[in-house]
There are 2 protein chains.
Amino acid sequence: MRHREPTSKTRNAKLMSAELQTGINSNLIAATPREALAEPGWLRSVPPATLDMLAKHAVLHRMPAGSTLFEQAETPSFALLLVAGRVELLGVRSTEETLVEIVEAPDLLLPAAVLSGQPYLLRARVLDEVRIVMIQAEAFRDAVTSDHALCLAVLACQATQFRRQTMHAKNLHLRSAEERVGCYLLKLLEGRTTNTSVRLPIEKRLIASQLGMTRETFSRTLPVMIRHGLRVEGDVVHADDISAARLRFHLDPLVDGNEPIIPLQVKGK
Amino acid sequence: MRHREPTSKTRNAKLMSAELQTGINSNLIAATPREALAEPGWLRSVPPATLDMLAKHAVLHRMPAGSTLFEQAETPSFALLLVAGRVELLGVRSTEETLVEIVEAPDLLLPAAVLSGQPYLLRARVLDEVRIVMIQAEAFRDAVTSDHALCLAVLACQATQFRRQTMHAKNLHLRSAEERVGCYLLKLLEGRTTNTSVRLPIEKRLIASQLGMTRETFSRTLPVMIRHGLRVEGDVVHADDISAARLRFHLDPLVDGNEPIIPLQVKGK
DNA sequence: TTTAGGCATTGATACAAATCAATGCCGAGG
DNA sequence: CCTCGGCATTGATTTGTATCAATGCCTAAA
């Protein structure tokens with residue numbers, strides 16, 4: 001494997017620039033909870049007063065990769081708003097873990113649990129380094145019940161997460177391991193033409209778990225892709241023959257679609 | 001198989017009485033959309049004026065088992081409120097189907113799609129005979145954006161569905177086929193003692209798909225349960241030795257829990 | 001009454017993916 | 001510099017579950 005580079009550094013760098021784009025006032029990285037609350041696009045239509053109120057009961061935190069944000073069965077004391085970075089949500093059974101979802105900033109972590117005051121069903125572990133706003137659960141619920149715009153924003157967020165989870169389930173149950181890998185690679189290459197190459201965005205072991213298979217199976221499946229025009233060397237994907245790949249694997253917007261969070265707007269009666 | 005009875009009739013009877021209990025004004029079955037909208041408990045705190053408004057753009061329908069309510073990839077033109085009965089939501093790929101969720105009244109069918117105006121990710125097929133209120137999608141979205149209480153109710157509904165989906169995923173990925181069957185039976189017997197028996201609430205082929213396995217596997221797994229104190233004859237479950245069963249299979253509230261829809265209440269600023 | 005079709009059961013077999021195991025590689029830390 | 005630990009690869013083997021196939025049962029229609 002020749003093409004390897006200090007992956008974590010490269011990725012953090014990439015992440016930082018992505019992070020900036022998501023913000024509205026993108027010239028500076030938020031240093032206070034209040035600033036961080038201004039970043040996610042889907043909170044745009046929430047009145048500043050409400051954000052102020054939330055910020056008053058919130059702290060901004062930075063957590064390194066690997067940290068556990070909360071444990072399965074814990075009752076949420078904070079609403080966690082992911083401002084930058086990625087988090088994996090895992091179902092746990094003693095030592096077994098199964099990845100249920102990957103959450104990318106900007107998004108809320110399991111708002112369902114916070115809203116209903118029920119225990120988390122999943123463990124949350126940091127993938128990249130993250131920045132999160134921790135809002136006291138009670139304050140968060142109060143804000144949702146007193147501000148209609150925020151309620152709509154959270155609803156949109158929850159709805160999108162629901163659809164993502166559905167897509168994930170369909171991907172796992174309706175496609176073979178080989179197809180999942182093929183589609184994953186194809187999606188990375190979306191819009192590209194033959195002879196370009198892309199870097200895998202995360203470690204292979206994480207891709208494997210995202211695709212619901214073991215590292216080993218993933219590893220074994222990669223060489224197979226060569227006969228469909230996709231070659232993976234180290235963490236670089238080479239598109240030798242993209243049309244061949246598209247012939248074999250079919251991206252489906254109802255499975256592979258990227259759906260952004262788009263809140264509805266409050267309307268007077 | 002001796003114990004069989006005209007299953008569909010028995011079950012419909014059971015369903016009718018259950019249906020009555022869910023209503024608030026349970027003495028009569030709703031005949032108009034407006035009456036039907038008064039039934040679900042989680043719509044209780046929505047102002048009558050809003051329900052009136054919804055009812056104005058709605059019709060009440062009855063559909064027999066087996067009907068398809070909507071197809072995958074369709075763009076929703078109605079919000080479907082399930083007032084009575086059960087619906088299965090299936091991921092479809094050409095001829096392959098995979099059950100993603102079973103929705104029981106009273107609940108909304110995939111509010112996420114309706115709210116975001118995106119195509120359905122799943123097919124909806126009627127299990128038992130259902131009664132549904134079909135509310136024009138536009139009117140539904142308008143109501144959600146203009147009435148905070150309704151917005152909260154829908155949010156609660158969406159949140160609960162999210163958690164159910166998470167539980168379902170955990171059940172499938174963290175337990176073996178045998179455990180899923182064991183836990184399913186154990187849950188039917190919750191609160192019962194040894195030597196009681198229960199009837200399976202739905203056909204075996206449906207239980208199998210709910211548990212993410214084929215009929216055949218389910219069928220083969222049932223006899224195995226005998227060594228753990230559970231005996232299934234026809235559609236009757238006999239609890240020969242419940243404590244033995246509980247020793248082998250462990251119900252987990254984070255997987256097997258029944259979570260009701262409990263909306264938050266609007267609060268003034 | 002006969003017949004046809006759906007569901008359930010049972011057996012034989014196939015197969016995809018997990019598991020177990022060994023090795024190589026690379027980067028971090030002593 | 002060497003060494004240790006995580007990740008990736010590759011091979012051998014197992015195993016859980018699906019698939020294919022045949023039969024029986026019950027119900028509903030002819």
Side-chain angles (χ1 to χ4, degrees), chain A residues 1-12 64-66 93 95-99 125 127 171-182 199-226 231-237, chain B residues 1-12 64-66 93 95-99 125 127 171-182 199-226 231-237:
Chain A
M1 217 203 296
R2 207 111 305 271
H3 308 257
R4 229 167 210 304
E5 269 177 42
T7 54
S8 47
K9 278 174 207 162
T10 340
R11 277 170 198 143
N12 277 343
R93 182 183 178 187
T95 76
E96 242 49 78
E97 281 187 347
T98 184
L99 188 145
R125 191 191 304 134
L127 271 182
N171 192 28
L172 291 189
H173 296 317
L174 254 24
R175 301 216 260 232
S176 69
E178 186 181 324
E179 290 174 306
R180 296 199 295 274
V181 172
R199 189 150 299 203
L200 294 178
I202 48 177
E203 283 164 85
K204 289 181 177 174
R205 62 177 244 279
L206 294 173
I207 299 178
S209 84
Q210 195 172 350
L211 298 181
M213 65 189 77
T214 59
R215 288 198 281 256
E216 293 96 321
T217 302
F218 182 64
S219 208
R220 266 186 260 278
T221 310
L222 288 181
V224 178
M225 294 294 121
I226 295 177
R231 191 165 32 90
V232 179
E233 284 175 348
D235 60 356
V236 182
V237 189
Chain B
M1 215 205 296
R2 207 110 306 271
H3 310 256
R4 230 171 208 302
E5 269 178 43
T7 54
S8 46
K9 277 174 207 160
T10 340
R11 278 172 198 142
N12 277 343
R93 180 184 180 186
T95 75
E96 241 50 77
E97 282 187 346
T98 183
L99 189 145
R125 191 193 302 135
L127 270 182
N171 193 29
L172 292 189
H173 297 319
L174 255 23
R175 299 215 261 231
S176 70
E178 185 180 324
E179 288 172 309
R180 297 199 295 273
V181 172
R199 188 151 300 203
L200 294 178
I202 47 176
E203 284 166 85
K204 288 181 179 176
R205 61 176 245 277
L206 293 173
I207 299 178
S209 82
Q210 196 173 348
L211 298 181
M213 64 189 79
T214 59
R215 289 196 279 253
E216 293 96 321
T217 301
F218 182 64
S219 208
R220 266 185 259 278
T221 309
L222 287 180
V224 177
M225 294 294 120
I226 296 177
R231 191 165 31 92
V232 179
E233 285 174 349
D235 61 355
V236 183
V237 189

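In what follows, every heavy atom counts, from backbone to side chain, and hydrogens, waters and symmetry copies are set aside. Note on naming: letters A, B, ... go to the chains in the order of the sequence lines (proteins, then strands), and numbering restarts at 1 for each one.
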Would you say T214(B) places a side-chain N or O within less than 4.0 Å of OP1 or OP2 belonging to dT17(D)?
no
F218(B) atom CZ is separated from dC7(C) atom C1', nearest whole Å, by 13 Å
Any T217(A) side-chain nitrogen or oxygen under 4.0 Å from OP1 or OP2 of dA17(C):
no
Nearest-0.5 Å distance that lies between atom CG in L127(B) and atom CZ in R125(B)
8.5 Å
Nearest whole angstrom, please: distance from the P of dA18(C) to the CD of E96(A).
12 Å
Starting at the 5' end of DNA chain C, which residue's closest nucleotide do you reach first, E216(A) or R180(A)?
R180(A)
dG6(C) P sits how many Å from L206(B) CG, rounded?
15 Å
Given dT9(C), dT17(D), dT10(D), which nucleotide is nearest the side-chain atoms of L222(B)?
dT9(C)
Taking all non-hydrogen atoms of both residues into account, name the closest pair between L172(A) and L211(A) and its distance.
CD2-O, 3.6 Å
Applying side-chain contact (heavy atoms from CB on, under 4.5 Å), run through V181(B) and M225(B) and close with a yes or a no.
CA-CA 8 Å; V181(B) 172; M225(B) 294 294 120; 4.2 Å; yes
Can you measure R205(B) atom CZ to dG6(C) atom P for me and round it to whole angstrom units?
10 Å
Rounded interatomic separation in angstrom, taking CD from E97(B) and P from dA18(D):
16 Å
Check this one for me: any side-chain N or O of R215(A) less than 4.0 Å away from OP1 or OP2 of dA8(D)?
no
In whole angstroms, the gap separating P of dT17(D) from NE2 of H173(B) amounts to 13 Å
Does a distance-only test, which skips hydrogens and angles, find a donor-acceptor pair under 3.5 Å between the side chain of R220(B) and the base of dG16(D)?
no
Distance, nearest 0.5 Å, that separates OG1 of T214(A) from CZ of R205(A)
13.5 Å
Given the rule in the side-chain contact (heavy atoms from CB on, under 4.5 Å) test, do R175(A) and R93(B) qualify, once you have shown the distances and angles that lead to the verdict?
CA-CA 9 Å; R175(A) 301 216 260 232; R93(B) 180 184 180 186; 3.6 Å; yes
Between CD of E203(A) and P of dT9(D) the distance, given in whole Å, is 12 Å
Rounded to whole Å, please give me the gap between CE in M213(B) and P in dT19(D).
14 Å
